[in-house]
There are 4 protein chains.
Amino acid sequence: MTDPVGSNVREALKAFVERVERLREEQKELANDVADVYREAKGGGFDVRALKTVIRLRTQDAAERREQEAVVETYMQALGMT
Amino acid sequence: MTDPVGSNVREALKAFVERVERLREEQKELANDVADVYREAKGGGFDVRALKTVIRLRTQDAAERREQEAVVETYMQALGMT
Amino acid sequence: MTDPVGSNVREALKAFVERVERLREEQKELANDVADVYREAKGGGFDVRALKTVIRLRTQDAAERREQEAVVETYMQALGMT
Amino acid sequence: MTDPVGSNVREALKAFVERVERLREEQKELANDVADVYREAKGGGFDVRALKTVIRLRTQDAAERREQEAVVETYMQALGMT
DNA sequence: TAGGGCTACTTCCATC
DNA sequence: GATGGAAGTAGCCCTA
């Protein structure tokens, strides 16, 4: 056992690395799927940027979102960004 | 049909949004899984930052990686970072 | 001249590195300044998140921004996010 | 004073926004300067990616950097990435 | 109050 | 050039 990383530890290391790599692979597949959906939506005439905005807004609580938007609106009016 | 978005289009919109949201949900779960693995590894005494570095390096081609490292090493020696 | 990096090249390398580091330093100072402003604004009762949103929106062309917002609004209504 | 944002507050708001925008402008100029340096370096035959790596490593303490690299090396050997 | 995780933000990189 | 993902950083909150 002169190895700086004993075989049990080595096995644990390999296991961690492989688990992460497997998960990364699945993440990449999902990212491709998402890109496919947007490509389809674009092909169907939708504005992808607006779609992304809507989807982002949906992740926020509705009440909180309206509150944020109200504050932003107030600031914009105060700055003459009408 | 005074609606600016007709019902067929509306249905298509909902379908796209829901598909993306489902995929995003799965992505989030995978991200949590990855975080869990790193947490476990940390608990097992591994250096998470080094782990991430190793996993990143594994995605590179071995020959290319060694080439990069050689150049970096050369520059570091030239700068006295020995 | 057995050095893999000749002295002229070495000097050029050092010069590039130092120029970048100087610029990075200035960037960091500016980032601190920005953080200070937001801290002040927060202390003055402003909503920092909304402030950031407003400042981001100001970088967009006003007409384009309104166009985007109109599309987003249309999608949100179609999805019942009223 | 029926304005939701009183004039003093409005002035404060404008001041904050303008300060941030000015700082952002300076940051952008610095980013351009950095890009210029790398462009020059590339023109002089340097490997920009390796340069960036070296500059990043220089921000770390030398001892800490060597420690990190040793751990990474150990993990790589344990994984057979020799 | 110093640390330590957590979240959000920003920057960077790799990919198309 | 644009996009998405990852890494690093900073600020926040809580705990000890």
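Order of the sequence lines sets the chain letters (A, B, ...), proteins ahead of strands, with each chain counted from 1.
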| note | Hits for ring pair (Phe, Tyr, Trp, His ring centres under 6.0 Å) against A:Y38, two or more places apart or cross-chain, chain-then-number order -> none
| message | Once side-chain hydrogen bond (donor to acceptor under 3.5 Å, both in side chains) is applied, what residue pairs with a partner in residues 25-34 of chain B remain, sequence neighbours excluded? | response | B:R24-B:Q27
| task | Inspect the contact between B:E64 and D:R49 and indicate whether a charged nitrogen and a carboxylate oxygen are less than 4.0 angstrom apart. | result | yes
| field | Main-chain N/O of C:A78 paired with B:R10 side-chain donor or acceptor, under 3.5 Å | value | yes
| task | Could you tell me whether the side chain of B:R58 and the main chain of A:V17 form a donor-acceptor pair under 3.5 Å? | result | no
Atom [atom1] of [X] and atom [atom2] of [N]: how far apart are they, to the nearest Å?
| X | N | atom1 | atom2 | result |
| --- | --- | --- | --- | --- |
| D:D47 | E:dC13 | CG | C1' | 14 Å |
| D:I55 | E:dT11 | CD1 | P | 17 Å |
| A:K28 | F:dA6 | NZ | P | 10 Å |
| A:D33 | F:dG5 | CG | C1' | 15 Å |
| D:L57 | F:dA7 | CG | C1' | 14 Å |
| A:N32 | F:dG5 | CG | P | 9 Å |
| B:R65 | E:dC13 | CZ | P | 18 Å |
| B:L30 | F:dA6 | CG | C1' | 15 Å |

| message | Counting the atoms with a prime plus P, OP1 and OP2 as sugar-phosphate, which does D:R49 contact under 4.0 Å by heavy atoms, base, sugar-phosphate, or nothing? | response | sugar-phosphate
Within this structure, what is the [atom1]-[atom2] distance for the pair [X] and [Y], rounded to the nearest 0.5 Å?
| X | Y | atom1 | atom2 | answer |
| --- | --- | --- | --- | --- |
| C:M76 | A:T53 | CE | OG1 | 10.0 Å |
| B:L30 | B:D36 | CG | CG | 11.0 Å |
| A:T74 | A:E69 | OG1 | CD | 11.5 Å |

| request: Check B:V48, B:D47, B:L51 against B:K42 for a side chain to side chain contact (heavy atoms under 4.5 Å, CB included) and give me the one that passes. | output: B:V48
| query | Got C:V9 and D:F46 here, is their nearest side-chain heavy-atom distance under 4.5 Å? | reply | yes
Can you check nucleotides 5-7 of chain E for protein contacts, nitrogen or oxygen pairs under 3.5 Å, and list what you find?
| residue | atom | partner | partner atom | Å |
| --- | --- | --- | --- | --- |
| E:dG5 | OP1 | B:K42 | NZ | 3.1 |
| E:dC6 | OP2 | B:R39 | NH1 | 3.4 |

| task | Mind grabbing the angle between the end helix axes of the helix from E:dT1-F:dA16 to E:dC16-F:dG1? Five pairs an end, 10° rounding. | result | 10°
| field | D:E73: side-chain hydrogen bond (donor to acceptor under 3.5 Å, both in side chains) partners, not counting sequence neighbours | value | D:Q77
Nucleotides 1-4 of chain F: which of its N/O atoms have a protein N/O under 3.5 Å away?
| residue | atom | partner | partner atom | Å |
| --- | --- | --- | --- | --- |
| F:dT3 | O3' | A:K52 | NZ | 3.3 |
| F:dG4 | OP1 | A:K52 | NZ | 2.3 |
| F:dG4 | OP2 | A:K52 | NZ | 3.0 |

